[in-house]
**Student:** 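First, the structure itself, so that you have it in front of you.
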Amino acid sequence: MRAAVFDRGKLSVINVNDPKIDDTQVLVRVKAVGLCGTDLAIIEGTLPTPTPIILGHEFAGDVIKVGKNVVPKWLKKRVTSEINSNIDFSCYYCNKGKYSQCISRKALGIDIDGALAEYIALESYLLHEIPDSLSYDNATFIEPLAAAYQIFETMPLDPSDETMAIFGLGKLGLLITQVALLKGFRLIVVDSSHKKLTLAKTFGAQKLINRFDDPNTTNRIKTLTNGLGADVVIDATGNPLAIKDVLDSCRTLGKVHLKSTHGLDTPINLTDVIVRELTLYTSRCGPFDEAIEGLKTGKINVDKLISKKIPLKDIGKAVDVYNINQDHIKTIIHI
Ligand SMILES: [Zn+2]
C-alpha cells in the first residue's frame with residue numbers, strides 16, 4: 001500500500017506492506033486524514049517519535065475486514081478511531097477508567113503507525129461509528145473536537161460569571177471557540193490572522209484581538225476585563241513563546257488551560273504563577289460521543305475550518321503551507 005512515512009527527518013510517500021490484523025482487530029480502508037499540529041511537530045523534529053513511522057491520527061474510513069473475535073456488526077461500517085491503542089485494561093490508570101493514560105498505551109501516528117496510508121489495522125475497542133450525515137472529511141474533526149470538549153470536563157467553570165480568553169485560532173482554537181460559545185462563555189479570542197479572527201466572530205466570539213495590530217495583548221485583555229485579566233485563559237497557539245502573554249492575561253486566582261503540544265521547552269515564570277495563585281490545567285483526548293453529537297447536530301461547524309483538500313501523493317506541499325500562510329487552518333488528505 002501507499003503510505004506517508006516519516007523517517008530520518010523526512011516525510012515521504014512510499015510503498016509499504018499492507019497491515020495484517022489479528023483476532024481482536026479490524027482493517028480500515030482510510031478515506032480522509034486531517035493534518036494536525038502534532039504531525040507538523042514530528043516532521044519539524046521538535047516532537048520525537050520512533051522511526052520509521054506512518055503519521056496521521058485524525059481520520060475516517062471504512063471497515064473492510066474484521067478479526068475472528070470482533071463483533072461482526074463493524075464490517076462495512078464508516079468509522080473513526082480513538083488515538084490511544086495497546087490499552088491493557090488492567091493498569092493503575094485503566095482501573096480508574098483513565099484509559100488514555102494507560103501505562104501500555106501507544107498513540108496512533110505518534111508511537112506506532114497511524115492513518116496516512118491506504119489501510120490501518122485497529123483494535124476494535126478504538127472504533128466509533130460515523131453518522132451517515134457526516135462526510136469523511138468532517139469526521140476527521142471528531143478526534144480534535146473531542147479534545148476541545150475535554151477542556152470543559154477537566155476544570156470547574158462558570159460560564160455565567162466568567163470571561164474566557166482563547167489564544168490561537170488554528171483548528172483546535174476554532175473548535176474550542178465554538179464549544180465555549182455553546183457553553184455560554186463571554187469570549188475574547190487572540191490571533192495574528194485577520195481571517196481567523198473574522199471566522200471566530202462569525203461563530204459568535206464577542207471580542208477579537210489581533211496581535212499584529214495590538215502587540216500588547218495582555219493590556220488589551222485587562223482593559224476588556226475591568227483591569228483584572230480573563231478568568232479563564234486557554235493556550236492553543238502551538239507556540240512556546242506565547243505562554244508569557246497567556247499567563248499574564250489571566251487574572252490573579254484565575255485558571256489557565258494548556259493545549260499546545262509542540263514538544264518544545266516553554267519559558268514559564270513560575271514565581272508569578274505561584275504568587276498570583278493561578279491554577280494550571282492540561283488535557284488531551286476527550287469524549288468522542290459528545291464530539292460526534294456536536295457535528296451531527298450542526299452545532300459545531302467544521303466546513304469553514306478546511307482550507308485545503310489534497311491527495312496523499314502531494315503531502316509534502318501540505319506541510320509547507322502551514323509555515324507559509326498564517327491564514328491556513330486545516331488540510332485534509334484524501335487517501
Ligand atoms: Zn492500562
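In each ligand, atom 1 is the first atom listed, and ligand 1 is the first ligand listed. The figures here come from the full heavy-atom set of this structure, side chains too, leaving out hydrogens, waters and symmetry mates.
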**Student:** Please determine if K96 forms a cation-pi arrangement with Y92, meaning its NZ or CZ atom is less than 6.0 Å from the six-membered ring centre and no more than 45° off the ring axis.
**Tutor:** yes
**Student:** Any idea how many protein N, O or S atoms are nearer than 2.8 Å to the Zn ion (ligand 1)?
**Tutor:** 4
**Student:** Flag this pair as yes if the NZ/CZ of R78 is under 6.0 angstrom from the six-membered ring centre of Y136 and inside a 45 degree cone about the axis; otherwise no.
**Tutor:** yes
**Student:** Does any pair with a residue in residues 283-318 pass ring-ring contact (aromatic ring centres under 6.0 Å, His included), and if so which ones, sequence neighbours excluded?
**Tutor:** H128-F288
**Student:** Ring centroid separation for Y99 and F89, is it under 6.0 angstrom?
**Tutor:** yes
**Student:** Give the table of side-chain donor-acceptor pairs shorter than 3.5 Å for residues 3-21, with sequence neighbours excluded, one pair per line with atom names and distance.
**Tutor:**
unit_1 : atom_1 : unit_2 : atom_2 : d
N15    : OD1    : R2     : NH1    : 3.2
D18    : OD1    : M1     : N      : 3.0

**Student:** Filter on salt bridge (charged side-chain N to carboxylate O under 4.0 Å, His left out), then keep only pairs touching residues 248-263, sequence neighbours left out; what's left?
**Tutor:** E162-K255, D231-R251, K244-D248
